[in-house]
Amino acid sequence: MLIYIRRWQEKLTPQPGANPLAVVLGWLLFGVFLLVALTLGLLFLLVGWILLLPLMWRRRRQMRQMWQFTKASRAAQQQARQRHQQQREQRTNRGDDNVIEGEYQVKDNDKD
């Protein structure tokens with residue numbers, strides 16, 4: 001890696017007899033190319049983010065629908081468990097002799 005870096009340093013250092021104006025113009029041109037590339041990269045990034053907004057909106061709506069479906073299915077499962085428990089209690093109460101089914105009326109003892 002160090003050899004690779006030194007080769008690039010040798011390529012980038014100007015020759016001893018080089019025209020200083022050409023060196024300065026070369027560095028300026030290199031800087032302009034870097035700025036253009038940076039601008040284009042930021043522009044593509046911005047366009048990508050803008051194009052992602054409708055996709056994110058659609059996914060958000062799908063996630064909300066899935067969450068509502070999950071919530072409804074959990075509520076249905078809870079209701080099914082409660083019904084099953086009530087049916088089981090009714091079955092056990094039918095077999096129990098201590099439970100009397102029917103209507104009853106509470107009498108007030110104070111009026112006797």
Distance-only donor-acceptor hits, side chain of residues 47-66, under 3.5 Å, sequence neighbours excluded:
unit_1: Arg59; atom_1: NH1; unit_2: Gln62; atom_2: OE1; d: 2.9

CD-CD1 distance between Gln9 and Ile5, expressed to the nearest 0.5 angstrom: 7.5 Å
Please list, one pair per line, the donor and acceptor atoms closer than 3.5 Å that link side chains of residues 16-45 to other protein atoms, with sequence neighbours excluded.
unit_1: Asn19; atom_1: OD1; unit_2: Leu21; atom_2: N; d: 3.3
unit_1: Thr39; atom_1: OG1; unit_2: Leu35; atom_2: O; d: 2.7

Only pairs under 3.5 Å count here: list side-chain donor-acceptor contacts from residues 73-83, not counting sequence neighbours, and write none if there are none.
unit_1: Ser73; atom_1: OG; unit_2: Phe69; atom_2: O; d: 3.3
unit_1: Ser73; atom_1: OG; unit_2: Thr70; atom_2: O; d: 2.8
unit_1: Gln78; atom_1: OE1; unit_2: Arg81; atom_2: NH1; d: 3.1

Side chain to side chain donor-acceptor pair (under 3.5 Å) partners of Trp67, counting only residues at least two apart: none
